[in-house]
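Convention: sequence-line order gives letters A, B, ...; per-chain numbering from 1. Given the structure is predicted, the values throughout are model-derived calculations rather than measurements.
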2 protein chains.
Amino acid sequence: MGRTAQISRTDVLAAALELADEAGLESVTMHAVGRRLAVTPMALYRHVGGKDALLDGLVETLLTEVTETAAAAPAPAEPLAPWEPLAPGEPLAPGEPRLVALAYAMRDTARRHPAAFPLLLSRPAVTAAARAARDAVYLGLREAGLPAESVPRAERLVSTAILGFAASEAAGRFAGHDQAVRDADFAELLRWLRLALTTS
Amino acid sequence: MGRTAQISRTDVLAAALELADEAGLESVTMHAVGRRLAVTPMALYRHVGGKDALLDGLVETLLTEVTETAAAAPAPAEPLAPWEPLAPGEPLAPGEPRLVALAYAMRDTARRHPAAFPLLLSRPAVTAAARAARDAVYLGLREAGLPAESVPRAERLVSTAILGFAASEAAGRFAGHDQAVRDADFAELLRWLRLALTTS
DNA sequence: ACCTGAACACCGTTCAAGT
DNA sequence: ACCTGAACACCGTTCAAGT
């Protein structure tokens, strides 16, 4: 057996995400990541393909965090808390909890990693993690009673709307409004989406 | 009178946008823009503050293009073509034409400048051009009959949804689907938004 | 197999200088 | 006022070499 590897792909991605969290996406540099791992920039190339592949890896990490956060979310009591204050009398489709958990998990991830999060909107998602996230939304939509042929389009629109809001918030596009306003914005967005999904 | 300036802020922004259109956002470089204008990189600093301000200027240019395209759009005949095929029987709120024109103008701008467009989602919009774009949406929402106190929140959500879709499409996030599918996606998104705006 | 070291073309920005 | 020229610290990536 050869020598034990000193750093792994996981180490590289973790270091890159920490750098982004602490100092912004423009600080995520092959040199800086190497520095953080006490290694030459060139040592990274064996574990990630290069700068672009490193950013794709960050997208993968974020998507995994979203799906895992959503999966770990406690099943909300009936009636569902996040929706309830907004429209007390409206019917809740069965299965909606999964979609709600995904939406909140996405926003939570954006809040934890505001600098890296906008990558999700700028890089096409074709990895296994991206497929897993998409499939989770598929499942939620089907559980909510959407006909199978409507699911793919609804997934694209729902994901894009949530992603767009979370990315905007993370990038500071709503910086003029404080958290309470943005919370109400997000709740209203979810109400809009529910309306679209439950109306014929 | 002093010597005539050789380049203007407009020249710099135009050169930068052309570079982005032709070779991607990563090619928009102080050195490269200077090269295109046959000028030293340092000559740009008098007209734009630096790299960041140059990108803010690009955002400004894109927003101006959006509002001007929308303003120049011919008033659609009754019934409104873009909505009509989707839901023939549904009522059209008065004033909706302006919102429809803005939505399509935004998507058109994204198509003309796919590399630069995602900047709109990643940079807070606080310039005069951003205010003008926001005010146009305000006007459309009021014309559509929305109560005044609902307008600001609705503007944030409508703009974010349209922006998120257009940016996703521009960035290639829907690259697996051909134009007809994306057209139908966009039309469905507009239908969702109309539903949200016309339901209590 | 995994990492180092030197090198290259390029980047954003500074400073001082020209006209 | 507007632009040049040299310079600096830094970037992504190459190549060849070490162990």
Is the side chain of A:Arg156 donor-acceptor paired with the backbone N or O of B:Arg182 at a distance under 3.5 Å, no angle test?
->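 Judged by distance alone, no pair lies under 3.5 Å.
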Those residues that, when tested against [X], pass side chain to side chain donor-acceptor pair (under 3.5 Å) (two or more places apart):
X: B:Ser168; value: B:Arg173
X: A:Thr64; value: none
X: A:Arg107; value: A:Glu169, A:Asp183
X: A:Glu65; value: A:Arg112, A:His113

Return the value, rounded to whole Å, for the distance between atom [atom1] of [X] and atom [atom2] of [N].
X: B:Gln6; N: C:dT19; atom1: CD; atom2: P; answer: 14 Å
X: A:Arg35; N: C:dG5; atom1: CZ; atom2: P; answer: 15 Å
X: A:Leu37; N: C:dC3; atom1: CG; atom2: C1'; answer: 13 Å

Sequence neighbours left out, what passes side chain to side chain contact (heavy atoms under 4.5 Å, CB included) with B:Glu60? Give chain and number order.
->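 Side chain to side chain contact (heavy atoms under 4.5 Å, CB included) list for B:Glu60, sorted by chain: B:Arg9, B:Thr127, B:Ala129.
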Exercise answer: donor-acceptor pairs, residues 27-40 of chain A side-chain atoms, under 3.5 Å, sequence neighbours excluded:
unit_1  : atom_1 : unit_2  : atom_2 : d
A:Ser27 : OG     : A:Ala23 : O      : 2.8
A:Arg36 : NH1    : A:Glu18 : OE1    : 2.7
A:Arg36 : NH2    : A:Glu22 : OE1    : 2.6

When Watson-Crick pairs (N1 to N3 and N6-O4 or O6-N4) and G-U wobble pairs (N1-O2 and O6-N3) count only below 3.5 Å on both distances, what is the dot-bracket string of DNA chain D, with | for other-strand pairs?
-> ||.|||||...|||||.||
Identify, residue by residue, the members of residues 38-49 of chain A with a heavy atom below 4.0 Å from DNA chain C, and return them in order of residue number, or none.
->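 Residues of residues 38-49 of chain A under 4.0 Å from DNA chain C: A:Val39, A:Thr40, A:Met42, A:Ala43, A:Arg46, A:His47.
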Listed once per pair and sorted, the salt bridge (charged side-chain N to carboxylate O under 4.0 Å, His left out) pairs that draw on residues 40-49 of chain B, sequence neighbours left out =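 Sorted result for residues 40-49 of chain B: empty, none.
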Under 4.0 Å from any atom of DNA chain D, heavy atoms only: list the residues of residues 7-32 of chain B that qualify, in numerical order.
->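 B:Ile7 - these, ordered by number, are the residues of the stretch whose heavy atoms sit under 4.0 Å from the strand.
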What residues form a ring pair (Phe, Tyr, Trp, His ring centres under 6.0 Å) with A:Phe174, not counting sequence neighbours?
->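 Ring pair (Phe, Tyr, Trp, His ring centres under 6.0 Å) list for A:Phe174, sorted by chain: A:Phe165.
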With sequence neighbours left out, what residues match B:Arg153 under salt bridge (charged side-chain N to carboxylate O under 4.0 Å, His left out)?
->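 Result, salt bridge (charged side-chain N to carboxylate O under 4.0 Å, His left out) vs B:Arg153: A:Asp185.
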